[in-house]
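Take a look at the structure set out below.
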Amino acid sequence: MNGVIVVGAGPAGLTAALSLARAAIPVTVLESGNEPPRQPRACTFHPATLDLLDGLGVAAPLVAGGRVVDRVQWRDRLGTVLAEMGMNRLDGLTRHPFRVHADQNALTPLLLRALAVYGDADVRFGARVDGVAEGGTGIRVRVGHTWTRARYLIAADGAQSTVRAALGLPFPRSGHIAQALRVFTDSPLDRLLPSLAPLTYVRDVQQSCTLFGLSDHWRIIFKIPVDGHEPLSQGNLSMLVRRALPGAGGPIRVA
Ligand SMILES: Cc1cc2nc3c(=O)[nH]c(=O)nc-3n(C[C@H](O)[C@H](O)[C@H](O)COP(=O)(O)OP(=O)(O)OC[C@H]3O[C@@H](n4cnc5c(N)ncnc54)[C@H](O)[C@@H]3O)c2cc1C
């Protein structure tokens, strides 16, 4: 019988699997995708997360490949800096008194590489779990026609968890009143907006946004209503960005 089966090779599943492997507990990861997810998603790592990843030996390469955020800024649309906080206020409280901007799809390959060292850790892609049953001294999971037994199961299969549904576990939720619009740009916002911090919250009564500087691009996140927003043509996107950052000293290319 397997020790632990982890369903899902996202950041949660692989971090759990690596923690188990380092504790010499046999672990099998079952991932429905044929390869690690590549879609850009979350992009900011907090000090506590970096400390945790450091304990697993993967923080250093993540920091090296990302952009270190040494200060957080709040400003208005016209460029007035309302407040700024140096991350060094956390000195002595964490081994990483800064945030790191890197896409979460930079983390999963690091976790996979670290896991590959452990002979008792098995990561299977193209393995979609479609059935789960409890019983006896453990749990059984089904991939296609094959059932596999393990003492424990960790469900890390994301927001639409198959495991949760199979076990009939409740998941109360409510709808969002807004959605996030993510705009990517390779324009150097910190040159176009003087003294801009790599993490900046732009506050405005009509259209606030958050600016994330990564090592090779910037992301601008807008909160927009779920219904009633204008169609998102390239022209509309450019106008939204121009209106949100009128103080920019040059054009901002959007993608
Ligand atoms: C477009 C987008 C943008 C986001 N932006 C941000 C952000 O800016 N900031 C932020 O904090 N968070 C953001 N998130 C949320 C963040 O990505 C998630 O919180 C994070 O991915 C959760 O990690 P996880 O490992 O729990 O699950 P996931 O990353 O969802 O991984 C679950 C894995 O399980 C696999 N799986 C699912 N079902 C099965 C099955 N039946 N059998 C086997 N494998 C299965 C999936 O293929 C997937 O690889 C964003 C999410 C999306 C979709």
Side-chain angles (χ1 to χ4, degrees), residues 2 4-20 27-50 52-53 56 58 62 66-67 69 72 99-112 114-115 122-133 139-148 150 153-169 171 173 176 178-185 198-201 208-214 217-224 226 232 255:
N2 287 283
V4 181
I5 287 181
V6 175
V7 184
L14 291 179
T15 301
L18 182 55
S19 304
L20 292 166
V27 59
T28 300
V29 181
L30 301 174
E31 163 59 44
S32 57
N34 291 324
E35 56 180 6
R38 292 180 191 276
Q39 185 193 30
R41 288 191 176 186
C43 69
T44 184
F45 291 84
H46 291 259
T49 310
L50 294 170
L52 184 151
L53 294 175
L56 298 174
V58 293
L62 187 71
R67 177 163 181 179
V69 177
V72 184
R99 280 164 74 161
V100 166
H101 284 176
D103 198 275
Q104 74 178 52
N105 65 22
L107 173 63
T108 34
L110 297 174
L111 293 167
L112 279 169
L115 261 177
D122 182 16
V123 183
R124 299 182 201 162
F125 288 97
R128 180 179 162 69
V129 170
D130 54 14
V132 180
I139 190 135
R140 294 185 304 140
V141 301
R142 188 181 64 205
V143 175
H145 297 296
T146 308
W147 285 92
T148 307
L153 169 69
I154 295 179
D157 52 343
Q160 313 297 331
S161 172
T162 304
V163 176
R164 186 176 56 231
L167 295 177
L169 299 174
F171 185 48
R173 60 181 102 184
H176 283 291
Q179 57 186 331
L181 168 66
R182 302 183 307 158
V183 180
F184 290 55
T185 177
L199 174 58
T200 295
Y201 299 97
S208 295
C209 62
T210 306
L211 311 178
F212 292 92
L214 281 84
H217 69 280
W218 283 76
R219 294 183 190 178
I220 310 172
I221 316 283
F222 294 97
K223 207 186 272 184
I224 57 175
V226 171
L232 298 175

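We count ligands from 1, going down the list as the structure has it; atoms in each ligand are counted the same way.
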With side chains defined as the heavy atoms from C-beta onward, is the minimum distance between Leu52 and Thr15 less than 4.5 Å? yes
Under the rule for ring pair (Phe, Tyr, Trp, His ring centres under 6.0 Å), what residues qualify as partners of Phe212, not counting sequence neighbours? His101
Filter the ligand 1-protein atom pairs down to N or O on both sides and distance under 3.5 Å, then list them.
residue	atom	partner	partner atom	Å
ligand 1	17 (O)	Gln104	OE1	2.9
ligand 1	21 (O)	Arg41	NH1	3.2
ligand 1	21 (O)	Gln104	NE2	2.9
ligand 1	25 (O)	Pro11	N	3.2
ligand 1	25 (O)	Ala12	N	2.9
ligand 1	29 (O)	Arg41	NH1	3.4
ligand 1	30 (O)	Arg41	NH1	3.3
ligand 1	41 (N)	Arg128	NH1	3.3
ligand 1	41 (N)	Val129	O	3.0
ligand 1	41 (N)	Thr162	OG1	3.0
ligand 1	42 (N)	Val129	N	3.0
ligand 1	44 (N)	Ser32	N	3.0
ligand 1	44 (N)	Ser32	OG	3.4
ligand 1	47 (O)	Glu31	OE2	2.6
ligand 1	47 (O)	Ser32	OG	3.4
ligand 1	49 (O)	Glu31	OE1	2.7
ligand 1	49 (O)	Glu31	OE2	3.1

Are any side-chain N or O atoms of Arg124 and backbone N or O atoms of Leu30, one a donor and one an acceptor, separated by less than 3.5 Å? no
Is Thr28 close to Thr148 at the side-chain level, that is, under 4.5 Å between some pair of heavy atoms? no
Distance-only, no hydrogens or angles: does the Asp157 side chain make a donor-acceptor pair with backbone N or O of Thr162 under 3.5 Å? yes
Tell me if the CZ atom of Arg38 is crowded by more than 12 foreign heavy atoms within 6.0 Å. no
